[in-house]
Amino acid sequence: AALTAYSYTVAAYDAAGNVSAQSAAASASTPATTPAPATLPSPWSFANVGAPQPAGAASYNAGVFQLRAAGADIWEASDEFGFVSQQISGDISIVARVDSLQNTNGWAKAGVMLRDSLDPASAHAMMIVTPGYGLSFQWRPSAGAASQSIGPENTIAGAAPQYLRLARSGALIRGYYGNAAQGPWTEAGSAAIALSGSDQVGLVLTSHSPGVSATAALSAVSVAAASPTPDTTAPSVPSGLSASAVSASQINLRWNASTD
C-alpha cells in the first residue's frame, strides 16, 4: 500500500530441514501514489506565462476549470500568470463564470483574456474579478506597452461568483459583466488592440504575490463566433421637407434623404 513501512528478515533452509537464524532486518517504505497528470479537454492547454514561481497547473472536471497560479501581476509592460487557453482567429466571444478566487492579494486576478501570444509582454485585453478592488477591464495596446484600465480602483463593484465576457470585432475588444451566461451584459469598457489575428483566448489567474500560489475555479466557459455589435445609432433627420398642392386631392412632398 502507498505510504506504508515494511520490515523483512530471511532465513535459510537446507535439504535436511535445518534452519538458520533470522538475518538482520531490512526496511523500506512505499511512496505516495503518483496521481495521473491533470488533463484539460481539447483544445485547451495550460501555460505558465512569464515563468511565475512556483509553477502553476490546471485541471478540469464536470464543467469546472480549477486553476492554481502564482505571479507578480498582469500589468505594466510584462506579465506573470497562469493561462488556460486555446488558439483562435477572427471575431470571437468568450464567456466564463468566476466561481471562486483565493484572496492572496487585493489585486489577485481571475477572469477571461484575449492575448496575441504567450510572450510575457504580449498585447492583450482581459475582463477580471479581484478580491479587493471589484471588477476591471484592462489591456495592453501593443507588445511591451504599459497596461491600461477603465477608471480608478473600485469603479465597478463586484466579486466572485461573477459572469464575465470578452468580445472582439475587428481590432476592437469589449469587456462585459453580468449575472447569467446568456446576459444581459453590462459593458465595462473597450479598447483597440494590436493583435496578429492568430491569437490565444482563455482563462487567467495571477496571485499578485510572487512566491505564493492562488487558486480559482471557473465554469460555464464558452468560446464562439462573436455576435455583430447591435446598430444603436439612429439615422440622421431628413432635411429640406417641402409640400406643394397639385390639386384638390393631391399634395406632393419632397425632402433630402437621411444617412445612417
### Query
Taking everything shown except Asn61 itself, do over 12 heavy atoms lie less than 6.0 Å from its CG?
no
Between Arg115 and Asp79, does any NZ, NE, NH1 or NH2 come within less than 4.0 Å of an OD or OE carboxylate oxygen? yes
Item to check | Under 3.5 Å donor-acceptor, Ser258 side chain and Pro238 backbone | outcome: no
- Message: Quick check: is Val221 connected to Met113 through a chain of hydrophobic side chains (ILVMFWY, heavy atoms under 4.5 Å apart)?
- Response: no
So, do Phe83 and Leu118 sit near enough that their side-chain heavy atoms are less than 4.5 Å apart? yes
Output for pair (Ile128 CD1, Leu135 CG), nearest 0.5 Å, gives 8.5 Å
message = Could you check whether atom CG of Asn256 has more than 12 heavy atoms from other residues, nucleotides or ligands sitting under 6.0 Å from it?
response = yes
Does the side chain of Gln102 pick up a donor-acceptor pair with the side chain of Thr215 at under 3.5 Å? yes
Cluster overlap Val212 with Leu67, hydrophobic side-chain contacts below 4.5 Å: no
Rounding to 0.5 Å, atoms CD (Gln66) and CG (Asp99) come to a distance of 8.0 Å
The reported gap from CG in Asp116 to OG in Ser198 (rounded to nearest 0.5 angstrom) is 8.5 Å
Scanning both residues in full, the closest heavy-atom pair of Val129 with Leu101 reads O-CD2, 3.5 Å
| query | Tell me, do Leu218 and Val64 make a side-chain contact under 4.5 Å, heavy atoms counted? | reply | no
- Following the transitive rule for hydrophobic clusters with a side-chain heavy-atom cut-off under 4.5 Å over Ile, Leu, Val, Met, Phe, Trp and Tyr, establish whether Trp107 and Trp139 coincide in one cluster. no
Taking Gln138's backbone N and O only, do any of them form a donor-acceptor pair with Ser136's side chain (distance below 3.5 Å, no angle check)? no
>> If we count only N and O atoms by modelled type, under 3.5 Å, do the side chains of Thr259 and Ser236 hold a donor and an acceptor together?
In response: yes
Discussion item. Counting only heavy atoms from other residues, nucleotides and ligands, does the tally under 6.0 Å from CG of Leu253 exceed 12?
Written reply: yes
Single-linkage hydrophobic cluster Val204~Ile92, side-chain heavy atoms < 4.5 angstrom
no
Nearest heavy-atom contact between Ser85 and Gln200 is OG-OE1, 3.0 Å
- request: Kindly indicate whether the side chain of Phe65, heavy atoms from C-beta on, has any atom under 4.5 Å from the side chain of Leu40.
  value: yes
**OP:** Would you sort out whether Leu114 and Ile88 count as a side-chain contact (heavy atoms from CB on, under 4.5 Å), showing the intermediate values?
**Re:** CA-CA 9 Å; Leu114 180 61; Ile88 52 88; 3.6 Å; yes
Within a strict 4.5 Å, meaning less than it, do heavy atoms of the His208 and Thr104 side chains meet?
-> no
When every non-hydrogen atom of Ser78 is compared with those of Arg140, the smallest separation belongs to N-NH2, 3.3 Å
* Report yes or no: do Phe81 and Leu164 belong to one cluster of Ile/Leu/Val/Met/Phe/Trp/Tyr joined by side chain heavy-atom distances under 4.5 Å? => no
Rounding to 0.5 Å, atoms CE (Met126) and OG (Ser149) come to a distance of 9.0 Å
Can you confirm whether Gln87 sits close enough to Pro43 that some side-chain heavy atom of one is under 4.5 Å from a side-chain heavy atom of the other?
no
List, one per line, each side-chain donor-acceptor pair under 3.5 Å for residues 185-195, sequence neighbours excluded.
from   : atom 1 : to     : atom 2 : distance (Å)
Glu187 : OE1    : Arg174 : NH1    : 3.3
Glu187 : OE2    : Arg174 : NH1    : 3.2

Q. Are the side chain of Asp14 and the backbone N or O of Asn18 linked by a donor-acceptor pair below 3.5 Å?
A. yes
On a heavy-atom basis, the closest approach of Gly106 and Tyr133 is O-CD1, 3.2 Å
Review point. Does Pro141 reach the side chain of Gln148, with side-chain heavy atoms less than 4.5 Å apart?
Key: yes
For Leu166 and Val112 the tightest heavy-atom approach is CD1-O, 3.5 Å
Apart from Tyr13 itself, members of its ILVMFWY cluster (side-chain separation under 4.5 Å) are Val19
The reported gap from CD1 in Ile74 to NE2 in His124 (rounded to nearest 0.5 angstrom) is 6.5 Å
Just so I know, are the side chains of Arg165 and Tyr177 near enough to count as touching, which here means a heavy-atom distance under 4.5 Å? no
| request: Find out whether Pro161 and Arg97 are in side-chain contact, i.e. whether some heavy atom of one side chain is under 4.5 Å from a heavy atom of the other. | output: yes
When every non-hydrogen atom of Tyr163 is compared with those of Ala220, the smallest separation belongs to CE2-CB, 4.0 Å
d(Asp91 CG, Arg168 CZ) to nearest 0.5 Å is 6.5 Å
